[in-house]
Amino acid sequence: MTRIHVLPKDELGEGLYLRIYQLTKRNRGAWATRAAACGLIGGMLAILLAALLWAVVPLLTQGHLRSLLRTLETIFFALPLPLLALGAYCLDLLEKRPST
């Protein structure tokens with residue numbers, strides 16, 4: 001009863017990044033394009049900053065500064081999920097928008 005569902009081939013090819021580029025190029029200047037870019041780039045940067053803080057804070061700091069940086073680390077670890085979800089939602093909006 002296991003069936004494999006094969007999706008039809010995309011007109012833009014199989015490249016995910018090419019598809020994102022085409023969507024943002026077609027709708028340059030729209031609020032959804034800006035929100036998608038902020039969400040996707042911000043989500044990736046938050047992951048990198050969280051990993052950097054996680055690696056560096058125990059080695060270099062002590063006391064109250066360490067506590068503050070640990071709090072920032074936790075925030076940066078929790079922030080990517082909503083940011084990436086916002087970026088994906090805005091890309092979906094761009095995809096559903098009729099082409100002009």
Side-chain angles (χ1 to χ4, degrees):
M1 201 160 179
T2 307
R3 297 180 85 193
I4 297 174
H5 204 57
V6 178
L7 296 174
K9 206 168 198 182
D10 206 357
E11 67 264 3
L12 294 174
E14 296 183 70
L16 173 67
Y17 300 112
L18 178 63
R19 182 156 186 83
I20 292 172
Y21 174 73
Q22 291 290 339
L23 284 172
T24 55
K25 183 180 174 188
R26 185 178 69 186
N27 299 297
R28 195 170 300 241
W31 69 268
T33 303
R34 291 182 187 147
C38 289
L40 295 175
I41 294 170
M44 297 309 289
L45 285 177
I47 292 170
L48 292 174
L49 282 173
L52 180 70
L53 285 173
W54 180 69
V56 172
V57 166
L59 301 174
L60 301 178
T61 61
Q62 293 180 3
H64 294 293
L65 181 61
R66 186 178 203 168
S67 171
L68 174 68
L69 291 177
R70 286 288 186 186
T71 304
L72 284 176
E73 173 189 326
T74 304
I75 291 170
F76 281 129
F77 269 124
L79 197 59
L81 185 60
L83 284 174
L84 292 173
L86 172 71
Y89 175 72
C90 290
L91 284 176
D92 284 342
L93 288 177
L94 289 173
E95 193 171 35
K96 292 177 185 176
R97 182 177 287 179
S99 61
T100 55

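The basis for the numbers below is simple: all heavy atoms, side chains too, and nothing from hydrogens, waters or symmetry mates.
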| said: Other members of the hydrophobic cluster containing Leu59, with the 4.5 Å side-chain heavy-atom rule, please. | reply: Leu52, Val56, Leu60
| Hydrophobic cluster (4.5 angstrom, side-chain heavy atoms) - remaining members for Leu93 | Trp31, Tyr89
Under 3.5 Å, which donor-acceptor pairs do the side chains of residues 65-72 form with other protein atoms, sequence neighbours left out?
residue : atom : partner : partner atom : Å
Arg70   : NH1  : Glu73   : OE1          : 3.1
Arg70   : NH1  : Glu73   : OE2          : 3.4
Thr71   : OG1  : Ser67   : O            : 3.0

| query | If two hydrophobic side chains count as joined below 4.5 Å and joins carry through other members, does Leu83 share a cluster with Leu53? | reply | yes
| Validation row: Trp54, Phe77 side chains within 4.5 angstrom (heavy atoms) | yes
| note | Scanning both residues in full, the closest heavy-atom pair of Leu40 with Leu91 reads CD1-CD1, 3.7 Å
| Single-linkage hydrophobic cluster Leu79~Leu84, side-chain heavy atoms < 4.5 angstrom | no
| field | Gap between atom CD1 of Ile47 and atom CZ of Phe76 - 0.5 Å precision | value | 12.0 Å
